[in-house]
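Just so it is clear, the model here is predicted, and its values are computed rather than measured. Positions are given from 1, in the same order as the sequence printed here.
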Amino acid sequence: MKSKIFVFVMAALGWTSAPKAQSIPVYLDETKSVEERVEDALSRMTLDEKIAVIHAQSKFSSPGVKRLGFPDFWTDDGPHGVRPDVLWDEWVQAGQTNDSCVAFPALTCLAATWNPQMSRLYGESLAEEALYRGKNMILGPGVNIYRTPLNGRNFEYMGEDPFLASRMVVPYIQGMQSKGVAACVKHYALNNDEENRFHVNVAVSDRALHEIYLPAFKAAVQEGKVWGLMGSYNRYKKQHCCHNAVLLNKILKGDWQYDGVVVSDWGGTHNTDEAVTNGLDMEFGSWTDGLRDGSSNAYHMYFLADAYKQAILEGKYTTKELDDKVRRVLRLFYRTTMNRQKPVGFLCSESHYEAALRIAEEGIVLLKNDRNTLPIPADAKILVVGENAIKMMTVGGGSSSLKVQREILPLDGMRDRFQHVDYVRGYVGDTIQSYNGVTMGRSLYDLRPQAELIAEAVEKAKAADYVVIFGGLNKADYQDCEGHDRKDYALPYGQDALIEAIAKVNPHVVYVNISGNGVEMPWLKEVPAVVQGWFIGSESGEALARVLSGDVNPSGRLPFTWYQQLNDCGAHALKTYPGEWSEEEHLLTEEYKEGIYVGYRWTDKQKIKPLFAFGHGLSYTSFNIGKAVASANEITRDGQWSVVVPVTNTGRTAGAEVVQLYIHDKKCSVDRPVKELKAFQKVFLQPGETREVTLTIGIDALSYYDEATQSWKAEAGDFNALIGTAADQIAQQLTFKLKD
């Protein structure tokens, strides 16, 4: 019996005699290059096996090639933690007891650290959790641009600036993939609002596309060497982005020479012909064939399944396109499931909680601190107000919802850190008790009217030394949530009235905004201290209490422009959002009329004063930016230009400053922004310490995308280097010349 089994295994592996070192099939030989192994495996696969590996077999997996020893391939949602397991063919929780995780801060918080080292730590830690859970690809990070503060999914992305997002996404990918887990950067491309994502066609200039919306994806591909990329639901040039000839074939696989896989967003595939020819490699879905109804466990009905196979058998297609897709999938297998050097994974380890805490602490932004209201003394009598002090924020919001081992809520963090803490509700917002099978930690039901809640808060605020209000948004529909956009820019649930009433009776009010988006603050002049607390995961209460107490000196900087009002944003000032509906085409066209003028580029151009500028963030200490010294007064096209900036901590507390370098083209044949971020560095300093920061740029920092030649172009002449600590805090400038 044993000999028969051995003969069968030898036949399956292509062996004709007893295996020897030199007779190992190429596809299994780890001494061979990945490309050699890919080609050998491809040559051994049947048509059915090739078709199988390019589409899903369950909600989150695709099959390997069992006959050849390739395991199944498992994906899972990120980008902030490993999503809990669902049943094979349903969105219902599987009821596992070992799929709780650490929730890391949302990517807006990561971007707000302005520290690429935190991105590397983030990617490595998340990958270790994924390894323990048997996941081969995490569906993240997201790098869509913050075009409007109404986008419900902004909290999953890295802000408004293409350069900042590019610098932060690369180490995240490198950290994750160093552990043998594939990152899948998303959503490619132009998925900048949620409400109409299945029906919107984005009309955008080539220049805005390449200068604003693609750079972070390009960096992910060319620098991060990302193994996976997810298409978006929307359309570009009236073609779905999951199978788009321009975005996928021309730009991604042609211009950028991407060698990884293109994965459809779940249900983002719409027809077989475009899926075959326009660059899609792996089809995943929410039901049978995209967004339409179907039959359970009918993955053979996918557009890249039986329909594709039949078209090949009928001669409509050769296997040329199929083989290219399978090569990419096999390459992905060798990088993940067939990688024998993968480390061991860990779940909910002490190091992961520590990483989540460090990232959260570095990302929290001190927006305002009049009269040195913060930090709060340990023995102060504190009144905590607000639903967001007791509401879990790791749950809800769409596909990034998690089942955490623990989440320290803000109220609990405050009570652990301070001696005298009382609490009142203040307002009632979202009282849903569970989401996607995960139950909230405590009951949120409260049927008292708003007037009674405010009156209670005001009465207790009169006797408190400090009032800390935890407000903002949450993960409910039409707030910070996948699938819908916010309906307006104001705070929900009557929070403005609550804040204004408390500010009238207590001079030491601290407002902590929990959100992934900016909000209107009509009461800002009356509130002395404001903190942006983001959605910061498992350690949120600990991190916020450490910052409010002064145990940690805040060093976060805004990754987007915080507008005073919605019409200060270009997309809304020009009334291009949400677009115009065509009944005839059954399509919503959203024209990006503001072009390259997104965020601070728009407010600079229009001379609009934001509530808080891009890059803004305060500290409990003070810094001095010394005289900048340039490496030269000119730069050649193949050279680099550097500036050395001394930074001194002039206060009495250790802290960190972010030195930012913006470039201004003094004279150009095309319209260019007043300034564009092109370099930055975060520097940590002890009291009295001075360190030199070196910022270096090359020709790419001086270039714009020329639509006439479809290439990047830098015109010779004078440029200004603007050095500061925020988009509205430019301390000095230097002039240098680009030689012709």
(request) Could you walk me through whether Tyr493 and Gln450 pass the side chain to side chain donor-acceptor pair (under 3.5 Å) test, one step at a time? (result) CA-CA 9 Å; Tyr493 314 127; Gln450 182 181 12; over 6 Å; no
(request) Run the numbers on Asp85 and Arg133 for salt bridge (charged side-chain N to carboxylate O under 4.0 Å, His left out), then give the verdict. (result) CA-CA 9 Å; Asp85 289 323; Arg133 293 271 306 281; 3.2 Å; yes
(message) For Ser622 and Thr650: C-alpha separation, side-chain torsions, deciding distance, then whether side chain to side chain donor-acceptor pair (under 3.5 Å) applies.
(response) CA-CA 5 Å; Ser622 56; Thr650 57; 2.7 Å; yes
(message) Determine whether Leu685 and Val647 satisfy the following criterion, side-chain contact (heavy atoms from CB on, under 4.5 Å), listing intermediate values before the conclusion.
(response) CA-CA 9 Å; Leu685 299 168; Val647 184; 3.8 Å; yes
(request) Begin from the C-alpha positions of Met158 and Val169 and carry the test side-chain contact (heavy atoms from CB on, under 4.5 Å) through to its verdict. (result) CA-CA 8 Å; Met158 296 189 177; Val169 73; 4.2 Å; yes
(message) Applying salt bridge (charged side-chain N to carboxylate O under 4.0 Å, His left out) to Glu539 and Arg358, what does each step give before you reach the verdict?
(response) CA-CA 9 Å; Glu539 297 291 310; Arg358 286 182 60 194; over 6 Å; no
(request) Could you go through the side chain to side chain donor-acceptor pair (under 3.5 Å) check for Asp161 and Tyr146 one step at a time? (result) CA-CA 8 Å; Asp161 185 75; Tyr146 186 116; over 6 Å; no
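Side-chain contact check for Leu367 versus His616: some heavy-atom pair is nearer than 4.5 Å. By the 4.5 Å heavy-atom criterion applied to side chains, Asp446 and Thr431 are not counted as neighbours. Residues Ile390 and Arg442 meet the side-chain proximity criterion, which asks for heavy atoms closer than 4.5 Å. In this structure the side chain of Pro149 reaches within 4.5 angstrom of the side chain of Cys569, judged on heavy atoms. The closest side-chain heavy-atom distance from Thr621 to Arg652 is not below 4.5 Å. Between Val531 and Leu548 there is a side-chain heavy-atom pair separated by less than 4.5 Å.
A salt bridge between Lys368 and Asp370 is present, with a side-chain N of the basic residue lying under 4.0 Å from a carboxylate O of the acidic one. For Asp568 and Lys609, the salt-bridge test fails: no basic side-chain N is under 4.0 Å from an acidic carboxylate O. Taking 4.0 Å as the cut-off between side-chain N and carboxylate O, Arg417 and Glu542 do not count as a salt-bridged pair. Using a cutoff of 4.0 Å between basic side-chain nitrogens and carboxylate oxygens, Lys179 and Glu128 are scored as salt-bridged.
Contacts classified as side-chain hydrogen bond (donor to acceptor under 3.5 Å, both in side chains) and involving residues 495-510 (residues at least two apart or in different chains) are given here: Asp496-Trp523.
For Tyr427, there are no ring-ring contact (aromatic ring centres under 6.0 Å, His included) partners two or more places apart in sequence or in a different chain. The side chain to side chain donor-acceptor pair (under 3.5 Å) test applied to Tyr511 returns Asn513, not counting sequence neighbours. For Glu361, the salt bridge (charged side-chain N to carboxylate O under 4.0 Å, His left out) partners are Arg546, not counting sequence neighbours. For Ala457, the side chain to side chain contact (heavy atoms under 4.5 Å, CB included) partners two or more places apart in sequence, or in a different chain, are Val385, Val424, Leu498, Ile502. Contacts of Glu160 classified as salt bridge (charged side-chain N to carboxylate O under 4.0 Å, His left out), with partners at least two apart in sequence or in another chain: none. Partners of Asp728 under the side chain to side chain donor-acceptor pair (under 3.5 Å) rule, at least two apart in sequence or in another chain, do not exist in this structure. By the side chain to side chain donor-acceptor pair (under 3.5 Å) test, Ser125 pairs with no residue at all, sequence neighbours left out. The salt bridge (charged side-chain N to carboxylate O under 4.0 Å, His left out) check on Lys462 picks up Glu459, with sequence neighbours excluded. Among residues two or more places apart in sequence or in another chain, the side chain to side chain donor-acceptor pair (under 3.5 Å) test is passed with Asp193 by none. With sequence neighbours excluded, the residues that form a side chain to side chain contact (heavy atoms under 4.5 Å, CB included) with Asp379 are Pro377, Gln419.
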Got a list of side-chain donor-acceptor pairs under 3.5 Å for residues 100-114, not counting sequence neighbours?
unit_1	atom_1	unit_2	atom_2	d
Thr113	OG1	Leu110	O	2.7
Thr113	OG1	Asn115	N	3.2
Trp114	NE1	Arg557	O	3.0

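Of the N and O atoms on the side chains of Ser555 and Glu362, not one donor lies less than 3.5 Å from an acceptor on the other residue. Using modelled atom types, one finds no donor on one side chain facing an acceptor on the other under 3.5 Å when comparing Glu194 with His484. Under 3.5 Å, the side chains of Tyr445 and Gln433 contain no donor-acceptor pair of N or O atoms. A donor-acceptor contact closer than 3.5 angstrom is absent between the side chains of Tyr577 and Asn151. When only modelled atom types and interatomic distance are considered, Gln117 and Tyr122 share no side-chain donor-acceptor pair under 3.5 Å. For the residue pair Asn624 / Thr648, no side-chain donor-acceptor distance below 3.5 Å is found, with atom types taken as modelled. A donor atom on one side chain and an acceptor atom on the other are not found under 3.5 Å apart for Asn517 and Tyr489. No side-chain donor-acceptor contact under 3.5 Å links Thr561 and Thr603. No hydrogens or angles considered: nothing links the side chains of Ser515 and Asp480 as a donor-acceptor pair under 3.5 Å. Between the side chains of Ser351 and Ser349, a donor-acceptor pair is found at a separation under 3.5 Å.
The distance from atom OH of Tyr600 to atom CG of Leu558, rounded to the nearest 0.5 Å, is 13.5 Å. In this structure, CE in Met392 is found 13.5 Å from CG in Asn474, a value given to the nearest 0.5 Å. Note that the CG atom of Leu347 and the CD atom of Gln405 stand 7.0 Å from one another [nearest 0.5 Å].
Between Phe346 and Tyr132, a ring centre-to-centre spacing not shorter than 6.0 Å is recorded. Ring pair Trp91/Phe60: centre-to-centre distance below 6.0 Å.
Under a cutoff of 6.0 Å and an axis angle of 45°, Lys381 and Tyr466 do not form a cation-pi pair. Cation-pi geometry between Arg167 and Phe163 is met: under 6.0 angstrom from the ring centre, within 45 degrees of the axis.
Screening Arg406, His80, Glu407 against Thr394 for a side chain to side chain donor-acceptor pair (under 3.5 Å) leaves a single residue, Glu407.
Side-chain N or O atoms of Lys460 include none that pairs as donor or acceptor with a backbone N or O of Leu383 at under 3.5 Å. Checking side-chain atoms of Asp76 against main-chain N and O of Val82 turns up no donor-acceptor pair under 3.5 Å. No donor-acceptor pair closer than 3.5 Å links the side chain of Tyr563 to the backbone N or O of Thr148.
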